[in-house]
Amino acid sequence: DSQDWSSLTLEAFPSSSAVTTHRKLVERNMPNATSAPFGTRLSLSSDGRGRVRVEIDTEIDEETGAADLSTRRTWLIRLHLRTNERLMHASLDGALLADASLTHLAPLDASRASDYFPLGGAGSPPPPLAGTVIEVAIPTSAGLHVLEVELHTEPRVKAT
């Protein structure tokens with residue numbers, strides 16, 4: 001297999017309700033993906049009040065307690081906000097992130113709607129009438145990373 005999996009992008013769509021979603025990324029060299037002891041656990045939690053948490057962690061084999069730390073990769077998390085949501089602050093692994101370390105991507109102007117293509121990856125803007133996309137780069141490693149953000153939801157204005 002000649003594909004490079006050392007860098008992956010996670011497209012995350014935080015919920016406006018309290019909900020947690022779990023997924024597992026299993027390495028291609030695992031013989032049985034459903035029962036493979038190792039992989040990467042991904043979770044996205046929203047508390048319904050603007051707090052969002054993304055966890056990326058190496059899975060531990062429950063039988064042996066072992067973890068496969070050989071799979072090191074870089075992650076790019078793309079948080080897709082709603083049109084009335086704004087980022088208040090973000091932290092990675094407990095350290096507050098400076099705004100300059102985040103990429104804020106505004107939606108395309110309606111005149112450029114035909115330029116939009118979904119899942120374009122790093123740096124690709126959201127479509128017209130969508131919310132901002134915030135990109136957070138996570139350095140290469142094999143251990144646990146926790147991204148926590150707080151969003152402010154502005155009241156929607158009804159058209160009169």
Side-chain angles (χ1 to χ4, degrees), residues 1-82 85-108 116-127 130-151:
D1 190 343
S2 63
Q3 292 181 329
D4 179 9
W5 295 90
S6 63
S7 178
L8 295 179
T9 299
L10 178 60
E11 303 279 352
F13 295 81
S15 175
S16 58
S17 314
V19 66
T20 299
T21 302
H22 300 280
R23 295 291 181 262
K24 180 179 176 181
L25 173 68
V26 178
E27 301 304 319
R28 295 195 78 182
N29 59 353
M30 293 293 176
N32 183 351
T34 57
S35 64
F38 299 117
T40 302
R41 292 181 300 182
L42 306 167
S43 70
L44 171 63
S45 299
S46 300
D47 72 355
R49 296 183 310 272
R51 286 191 169 85
V52 178
R53 180 180 175 102
V54 178
E55 291 185 22
I56 300 171
D57 195 9
T58 301
E59 193 162 53
I60 296 173
D61 184 338
E62 292 180 13
E63 290 182 23
T64 66
D68 179 9
L69 297 177
S70 65
T71 304
R72 299 172 51 83
R73 63 173 46 97
T74 301
W75 292 87
L76 177 67
I77 299 177
R78 290 174 42 96
L79 288 171
H80 293 258
L81 307 185
R82 290 176 176 70
E85 291 178 329
R86 301 289 171 258
L87 178 69
M88 300 300 293
H89 56 81
S91 65
L92 180 61
D93 301 331
L96 191 62
L97 294 172
D99 198 53
S101 69
L102 306 171
T103 302
H104 297 253
L105 298 166
L108 286 171
Y116 175 72
F117 190 79
L119 304 176
S124 63
T132 300
V133 170
I134 307 295
E135 291 184 341
V136 182
I138 298 186
T140 302
S141 72
L144 171 67
H145 286 291
V146 177
L147 172 67
E148 294 179 295
V149 301
E150 187 167 347
L151 304 174

| Distance, nearest 0.5 Å, that separates CD1 of I138 from CG of D93 | 7.0 Å

| field | Contact check, side chains of K24 and V26, non-hydrogen atoms, under 4.5 Å | value | yes

| With a 4.5 Å limit on heavy-atom distance, are the side chains of V149 and L79 in contact? | yes

| request: Report the C-alpha separation of T20 and S45 in whole Å, then their side-chain angles, then the decisive distance to 0.1 Å, and conclude whether the side-chain hydrogen bond (donor to acceptor under 3.5 Å, both in side chains) test is met. | output: CA-CA 4 Å; T20 299; S45 299; 3.0 Å; yes

| Going by atom types alone, do E55 and H145 pair a side-chain donor with an acceptor below 3.5 Å? | no

| task | Considering non-hydrogen atoms only, spot the tightest contact between W5 and R73 and give its length. | result | O-NE, 3.0 Å

| note | All heavy atoms of Y116 vs all of P127, minimum pair found to be CE1-CD, 3.4 Å

| Gap separating the CZ atom of R82 from the OG atom of S16, nearest 0.5 angstrom | 4.0 Å

| Trace of the side-chain contact (heavy atoms from CB on, under 4.5 Å) decision for I56 with T40 | CA-CA 7 Å; I56 300 171; T40 302; 3.7 Å; yes

| field | V54 and L10, any side-chain heavy atoms less than 4.5 Å apart | value | yes

Side-chain donor-acceptor contacts of residues 99-108 below 3.5 Å, not counting sequence neighbours, with atom names and distances?
residue	atom	partner	partner atom	Å
D99	OD1	H104	NE2	2.9
S101	OG	A98	O	2.7

| Between CG of L119 and OG1 of T9, what distance do you get to the nearest 0.5 Å? | 10.0 Å

| request: Could you grab the distance from atom CG of L147 to atom CD1 of I77, nearest 0.5 Å is fine? | output: 4.5 Å

| query | Just wondering, do L92 and P139 contact through their side chains at under 4.5 Å, heavy atoms? | reply | yes

| Do side-chain atoms of E135 reach the backbone of G123 as a donor and acceptor pair under 3.5 angstrom? | yes

| task | Just jot down the side-chain hydrogen bond (donor to acceptor under 3.5 Å, both in side chains) partners of S17, sequence neighbours excluded, or say none. | result | none

| task | Report yes if some heavy atom in the side chain of L81 is under 4.5 Å from a heavy atom in the side chain of V133; otherwise report no. | result | no

| message | As an exercise, state the distance from CD of E85 to CD1 of I134, rounded to the nearest 0.5 Å. | response | 10.5 Å

| query | Which residues satisfy the side-chain contact (heavy atoms from CB on, under 4.5 Å) test with S124, sequence neighbours excluded? | reply | R78

| remark: Value for CG (L76) from CG (L8), rounded to nearest 0.5 Å, stands at 10.0 Å

